[in-house]
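Take a look at the structure set out below.
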Amino acid sequence: MKFFIDTANLDQIREAQDLGVLDGVTTNPSLMAKEGISGDENVFNHYRAICEIVDGDVSAEVIATDFEGMVKEGEYLASLHPQIVVKVPAIKDGIKAIKYFSDKGIRTNCTLIFSAGQALLAAKAGATYVSPFIGRLDDISTDGLNLINDIRLIYDNYAFETQILAASVRHTMHLLQCAEIGADVMTGPLSVILGLLKHPLTESGLAQFLADHAKANS
Ligand code: G3P
């Protein structure tokens, strides 16, 4: 399972990269705005900076919602750095744009996926990744993990190569259940990745080991 970090915060990206388990980064316009990044040139430079920190794929989202606009923007984003994956919303022109990018060898991440039908269309169009937002489904009392299950089944039935990138991951149980289902990738905040480490028996066990060592060596 690949671990992506879902942030545009360079310090958090560096911290996850230093841990040695980071496979990529996802961003979106809200995450860029949260870091105070605005203006085309600043946004493009920020993507370049992220690519310099990590080795893996970095999703950069188009703002346009029409086919021509998405193509123009996506081609430019892809030209910024070989690690850039163009993030395109799951709308009609988005599916057309994904097909266009796929035919040209430009990798894509189809975002804002909330149904198996959207994921099927995106895979048919040749998306590299689909991003089902599981946390946002949970927010409206709909089990987001069921969607991951449904997409896994459909993709396996037909051997689609599109990778399931579980997004809007909010806590460690989301991550672990996505791993059980077989999501190819999860993207979440640094706190979720570090949260996997937390166990009181590890903490108390280590404290005991260190105390016994200190006593024996005093
Ligand atoms: O990867 C998608 C993500 O950024 C959305 O997360 O927590 O805003 O639903 P959230």
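Every number for a ligand or one of its atoms is a count from 1 in the order of the listing.
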Could you give the distance from CD (E180) to CE (M173), rounded to the nearest 0.5 Å?
-> 7.0 Å
Answer yes or no: does an N/O atom from K87 fall short of 3.5 Å to an N/O atom of ligand 1?
-> no
Specify the protein heavy atom at minimum distance from atom 8 (O) of ligand 1: its residue, its atom name, and the distance to 0.1 Å.
-> R136 NH2, 2.8 Å
In terms of residue, atom name and distance, what is the protein heavy atom nearest to atom 3 (C) of ligand 1?
-> D6 OD2, 2.9 Å
Please could you name the atoms of ligand 1 that A167 approaches to less than 4.0 Å, counting only its heavy atoms?
-> 1 (O), 2 (C)
Identify, by atom number and element, the atoms of ligand 1 in contact range of N28, meaning under 4.0 Å from any of its heavy atoms.
-> 3 (C), 4 (O)
Going by distance alone, is a donor N or O of one side chain under 3.5 Å from an acceptor N or O of the other, for E35 and N9?
-> yes
Of all the non-hydrogen atoms in the protein, which one sits nearest to atom 7 (O) of ligand 1, and at what distance?
-> R170 NE, 2.9 Å
List the steps, then state whether side-chain contact (heavy atoms from CB on, under 4.5 Å) holds for S168 with H174.
-> CA-CA 9 Å; S168 186; H174 267 160; over 6 Å; no
Residue and atom name of the nearest protein heavy atom (relative to atom 6 (O) of ligand 1), distance in Å to one decimal = S168 CA, 3.5 Å
Less than 4.5 Å apart, any side-chain heavy atom of I50 and any of L10?
-> yes
Assess the side chains of N149 and R152: does a donor N or O sit below 3.5 Å from an acceptor N or O?
-> no
For ligand 1, which part of T187 has a heavy atom less than 4.0 Å away: the side chain, the backbone, both, or neither?
-> side chain
To which protein heavy atom is atom 2 (C) of ligand 1 closest, and what is the distance rounded to 0.1 Å?
-> F133 CZ, 3.4 Å
Closest non-hydrogen atom pair, I98 against G126 | CG2-C, 4.1 Å
Going through the distances and angles, do H81 and Y47 end up as a side-chain contact (heavy atoms from CB on, under 4.5 Å)?
-> CA-CA 8 Å; H81 198 282; Y47 286 138; over 6 Å; no
